[in-house]
Peer 1: 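Take this structure, written in structure tokens, and hold onto it; I'll ask about it next.
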Amino acid sequence: MYQRRRKDNKGIIIRAVALILTLFMIMTSFSKIITNAETKSKKSFTVSVAAGAMQPGDTKKVTVSPKNVKVKSYKSSNKKVLKVNSKGKLKALKKGTATVTVTAKNGQKSSIVIKVFGKNSDIIVDRKINGKKGLWHIKSGKVVKKTGFATDGIDWYYTQKGKVSKKTGIIKGKVNGENAQWYVKKGKVQLSCSDYIYDKGYTYKVVNGKAGEKAEGKLDAFFDEEVCLSENETKVIGEEKISFRVDAIYESGNVGCTFIEDGKESEVILEVDGNSKNVLYTKFIKDYKIDFIKIENRKVYIKISKKNTEIKKPMAISGQAGDHYTTTDYEYIESDNLIIFMPKGISFEGNILVKFEEYMKSVEKNTGLQRKQIESNYVGFQVMQKYVYGTDVFEGVDSEYKKVHVYINDNIHPNCSADREGYSAIIMDSYALKVNDPDNLETTFIHEYTHYNHLTNGTSFNPIMNEGYAAYIEMKAAREFVKVSDEDFHDNYLYGYLMDEGELTEANAEKIFTEGYPDGPEHTKTYNYGYVFMEYLHQTYGSKAFTNLFKEGNEILDKQVEETCMGDLSGENTAKLLKKTYSNNIFKDFVKWIGEHPEYTREAQVYE
């Protein structure tokens, strides 16, 4: 089955058993060491303590984030300076520095360096003074009234009138012994910050909290900030190399836009679909994410952010039959020419890609058409992902469409969405992944890849022609892989594609071809008529009888699309093309041929 996607305007002998066992044990032990080392080196959680310096006698609690992390132990590197109990409670004993390390039950670790100050230090402490609780600047036991910078041993703060200020901006002063302009946010020096900051008429480039070069005037917007644009308006976002333009606001509510990076433009579509709003990229944008917030009074509101996620990696499989796998999350597997995308809970064997690559080669040999790499925009990939899975979890995987994309979904009927220009992909159910049953070859992929191979190379005809050709090539390819007698192949595979005896007459053959079969049980006859017609066409006019129709068929289809926007050649136009290319009596001749070839008919099926 296929679906043609309409074009929019704006997918490896060890000699002795003892040696084998020895090597296995060595490699297993080595693997465990490496795995444990890697596990411990990765930090999947963070630790912190409440703001405010510690002095001898002070207590605090270590906070682990996220809260669901199961802690195995807490340890202080200097117990004479700082003690920590099994519940993470800290107690400062004397002046000095200690590192507190938290170890999770899975072996992962995270730590924090804590400095304990003497009683006469210049520090930020958490105290209640004159009934006012807060972070206070204390030096030699006295509240420091003048403005300046001070630390709690972990962070630095800007203070005014004795307390940490709530000020945000660029402030000159000394931090860690260095005089510079510092970016302060609500009184805290943003030492880990690298961004562009606007303050008092200037835009500053901030690196690790220190503000350097500045430019007069505010940039139009910053990353993670809501931006409002009117039609034909362009705004610079955060860095001069990034800008965004609204090109057109349509009556549908959709918005045509352009994302510009280092002078290179990429079309972006802001799409309104009911109550949801989507951002469709015509080209994959690797480092930046656009959020469509709303459209109101002919003004578009967006937010651009820097991405911090990596593109998902493929699932590793053996390539061997008998090795079984089940996905535990969204996963994909890939070979040289193919990617299979899967949701959670899909089971398959290790040689699935090997088999599918063999099927692809067979289809290409039997059609005479090589796999075509589609030069398409990214919007089709996004739309297909969201249609199949409701998410774009595979964003950026093979964004240039160098491979055939196959999606597994048990709730969507197998089909191929393909054409000569747009993003093309195959959708199949998980049953189609059964490739090692010696008694039953699952041919769904062969059928759908025939559609892909055909529709990305040539004309999309009416359903009888399209499905007939896919069935015809499916049977030719299947015969290469099914090791049974001709009689068994006929009964188990071909029989399902034969015509009902007496169904076609010279009077009705063309009418049925042009009008097609109605929806319902009789619609399956589309495959039967199409398969037998393809046998007739190739036996009568040669091995290229179908593909010879592409050139003129494409010309007729292009004209039809301009007139009707219908992306498949109509039954009437397909019939006219067949008559012009082969014979004006082609349908009557087809009926006569069926009479001379009863092997392509069967007893009539009764449909209720």
Peer 1: Test the R479-Y493 pair against the cation-pi criterion, namely NZ or CZ under 6.0 angstrom from the six-membered ring centroid and within 45° of the ring axis.
Peer 2: no

Peer 1: Is the number of heavy atoms from other residues, nucleotides or ligands within 6.0 Å of NZ (K476) greater than 12?
Peer 2: no

Peer 1: Between F590 and Y529 (judged by ring centroids, cut-off 6.0 Å), do the two rings come close enough to count as a pair?
Peer 2: yes

Peer 1: If you take the centroid of each ring, where Trp contributes its six-membered ring, are F513 and F587 closer together than 6.0 Å?
Peer 2: yes

Peer 1: How are the rings of Y469 and F546 set relative to one another: parallel (under 30°), tilted (30 to 60°) or perpendicular (over 60°)?
Peer 2: parallel

Peer 1: Charged N to carboxylate O under 4.0 angstrom, K579 versus E510?
Peer 2: yes

Peer 1: Take K551 and E555 through the test salt bridge (charged side-chain N to carboxylate O under 4.0 Å, His left out) and record every step on the way to the result.
Peer 2: CA-CA 7 Å; K551 183 177 181 180; E555 294 173 359; 5.5 Å; no

Peer 1: Below 30° counts as parallel, above 60° as perpendicular, anything between as tilted: where do the rings of Y536 and Y541 land?
Peer 2: perpendicular

Peer 1: Under 3.5 Å, is there a donor-acceptor pair between the N366 and E480 side chains?
Peer 2: yes

Peer 1: State plainly whether the residues E349 and K355 are in salt-bridge range, i.e. N to O under 4.0 Å.
Peer 2: no

Peer 1: Under a 4.0 Å N-O cut-off, is there an ion pair linking K307 with E395?
Peer 2: yes

Peer 1: Tell me if the aromatic rings of F381 and F394 count as close, with their centers under 6.0 Å from one another.
Peer 2: no

Peer 1: Hey, is K592 close enough to E596 for a salt bridge, meaning N to O under 4.0 Å?
Peer 2: no

Peer 1: Can you give me the closest heavy-atom contact between E448 and C416, atom names plus distance?
Peer 2: OE1-N, 3.3 Å

Peer 1: Measure up the Y600 and H597 rings against each other and bin them: parallel (under 30°), tilted (30 to 60°), perpendicular (over 60°).
Peer 2: tilted

